[in-house]
Amino acid sequence: MAENQKKMVNETAQTIKSLIAAVDKHPDDPQTYYNLGSMLTELKNYQQAEELFKKALQYFKRDEQRELLHYGLGNVFYASELYQEAKNEFQQITQTKLKTAALLMRAQTEYAQANYQISLAYALTAVEEGKNRSALMLAGENLLALGDFAQAKNYFDQLLEQWPHDKEANFQRGIVGMVMGEKSVDFFKRVEENDPDYFKKMKARLVDVEKFITAQKQKNQGGK
């Protein structure tokens, strides 16, 4: 185990070294700064990543160059849970190339703050731009959080048509099925077979949903 960790640390150090060299070699290419900043973000070196992106934004002047850096800085703030700062960065992006990605991150940011209606609006706009996995997943998750189970089911089903073994979509679709009184065994079975650790981690949610369903049944029976 210690040997594997040492190997990973060495590989990460080499990657960082290569990314820094790329910035030094191509200082006029914003992609090199983005690559380095993204790696620092992935390593949770948020302060260094933020400083890098802010420094690069002072250097580059053209909008098409700056938008990639704004996107990177937005991701740093999102990972740091500085959601208002993240939104400010993603709002800077208007170009087609990054527009959908920025919309999705704005949706993610609102979702993280439990602003489900606003998040849903961004997610649905992203779905219209192209039915990618993240857009469909966010639409479904927001609708599930808002209690619109029929529409949530629709978006999870669309996602599973293209990615039938997606663990998150299968699990959420199973949740929707439980609430709607469907048999959801197959969805949960698929998750457990493909990723038992993920299923084990998420199993507590099933207990919560079962409690919710029981409470709703008791409430309905009491109202009769």
Side-chain angles (χ1 to χ4, degrees), residues 31 34-35 37-39 41-42 44 67-68 70-79 81 83 86-87 89-91 93-180 182 184-203 205-206 209:
Q31 186 68 52
Y34 177 80
N35 294 342
S38 296
M39 186 65 183
T41 305
E42 189 177 327
K44 296 183 170 56
E67 288 199 357
L68 180 63
H70 279 300
Y71 183 73
L73 183 55
N75 285 328
V76 176
F77 287 137
Y78 176 82
E81 298 184 4
Y83 297 124
K87 284 190 278 188
E89 295 304 317
F90 295 131
Q91 286 170 2
I93 298 162
T94 58
Q95 290 189 29
T96 305
K97 187 176 179 181
L98 280 172
K99 191 176 178 182
T100 301
L103 273 172
L104 283 170
M105 287 309 302
R106 289 173 78 174
Q108 289 275 22
T109 302
E110 297 294 352
Y111 183 84
Q113 296 176 282
N115 298 326
Y116 302 123
Q117 201 69 56
I118 299 172
S119 178
L120 177 62
Y122 287 129
L124 291 177
T125 303
V127 169
E128 290 174 6
E129 296 282 337
K131 292 185 178 181
N132 66 54
R133 185 259 175 205
S134 296
L136 291 167
M137 190 71 195
L138 263 174
E141 287 182 322
N142 277 296
L143 288 160
L144 179 57
L146 290 165
D148 192 340
F149 304 115
Q151 283 298 316
K153 173 184 172 180
N154 173 39
Y155 284 98
F156 290 134
D157 283 345
Q158 286 185 57
L159 195 160
L160 289 170
E161 283 177 12
Q162 298 184 62
W163 298 277
H165 297 293
D166 187 288
K167 63 185 179 184
E168 292 178 3
N170 271 291
F171 192 88
Q172 298 288 50
R173 178 62 180 83
I175 294 280
V176 170
M178 284 179 68
V179 176
M180 296 181 72
E182 299 175 348
S184 297
V185 177
D186 289 344
F187 294 108
F188 295 128
K189 187 177 179 181
R190 202 175 295 162
V191 177
E192 190 171 18
E193 287 176 349
N194 291 332
D195 196 332
D197 291 337
Y198 176 81
F199 182 76
K200 185 178 179 181
K201 183 178 75 173
M202 298 297 290
K203 205 170 181 180
R205 280 203 67 189
L206 299 183
V209 172

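In this chain, residues are counted from 1 in sequence order.
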How close do [X] and [Y] get, counting heavy atoms only, and between which atoms?
| X | Y | value |
| --- | --- | --- |
| Ala86 | Gly74 | CB-O, 3.6 Å |
| Ala107 | Ala123 | CB-N, 3.9 Å |
| Gly140 | Ala152 | O-CB, 3.6 Å |
| Tyr71 | Ala101 | OH-CB, 3.6 Å |

Evaluation steps, side-chain contact (heavy atoms from CB on, under 4.5 Å), between Lys87 and Gln113 = CA-CA 12 Å; Lys87 284 190 278 188; Gln113 296 176 282; 3.4 Å; yes
Does a side-chain heavy-atom distance below 4.5 Å link [X] with [Y]?
| X | Y | answer |
| --- | --- | --- |
| Met202 | Gln172 | no |
| Tyr122 | Leu104 | no |
| Leu160 | Phe187 | yes |
| Gln91 | His70 | no |
| Tyr78 | Met105 | yes |

Heavy-atom donor-acceptor pair, [X] side chain to [Y] backbone, under 3.5 Å:
| X | Y | result |
| --- | --- | --- |
| Glu67 | Gln95 | yes |
| Ser184 | Gly174 | yes |
| Arg190 | Pro164 | yes |

Working to the nearest 0.5 Å, report the span between [atom1] of [X] and [atom2] of [Y].
| X | Y | atom1 | atom2 | result |
| --- | --- | --- | --- | --- |
| Glu168 | Phe156 | CD | CZ | 9.5 Å |
| Asn170 | Asp186 | CG | CG | 9.5 Å |
| Ile118 | Thr109 | CD1 | OG1 | 11.5 Å |
| Ile175 | Arg205 | CD1 | CZ | 5.0 Å |
| Leu138 | Leu159 | CG | CG | 10.5 Å |
| Leu144 | Arg173 | CG | CZ | 11.0 Å |

Please test Leu120 against Glu110 for side-chain contact (heavy atoms from CB on, under 4.5 Å), starting from the C-alpha separation and ending with a verdict.
-> CA-CA 9 Å; Leu120 177 62; Glu110 297 294 352; over 6 Å; no
Would Glu182 and Lys153 pass as an ion pair if we require N to O under 4.0 Å?
-> yes
Carboxylate-amine/guanidinium proximity below 4.0 Å for Lys167 and Glu192 = no
Heavy-atom count around Glu42 CD within 6.0 Å, excluding the residue itself: above 12?
-> no
Crowded around Lys99 NZ? As in, over 12 foreign heavy atoms under 6.0 Å?
-> no
Close aromatic pair by centroid cut-off 6.0 Å: Tyr116 and Tyr111 | yes
How far apart are the C-alpha atoms of Thr41 and Asn75, what are their side-chain angles, what is the distance that settles it, and do they pass the side-chain hydrogen bond (donor to acceptor under 3.5 Å, both in side chains) test?
-> CA-CA 8 Å; Thr41 305; Asn75 285 328; over 6 Å; no
Decide yes or no on side-chain contact (heavy atoms from CB on, under 4.5 Å) for Asn115 and Tyr83, but give the supporting numbers first.
-> CA-CA 12 Å; Asn115 298 326; Tyr83 297 124; over 6 Å; no
Carefully, step by step, assess Phe171 and Phe188 under the rule ring pair (Phe, Tyr, Trp, His ring centres under 6.0 Å).
-> CA-CA 6 Å; Phe171 192 88; Phe188 295 128; 5.4 Å; yes
With respect to Thr100, which candidate in Asn132, Val127, Thr125 satisfies the side-chain contact (heavy atoms from CB on, under 4.5 Å) definition?
-> Asn132
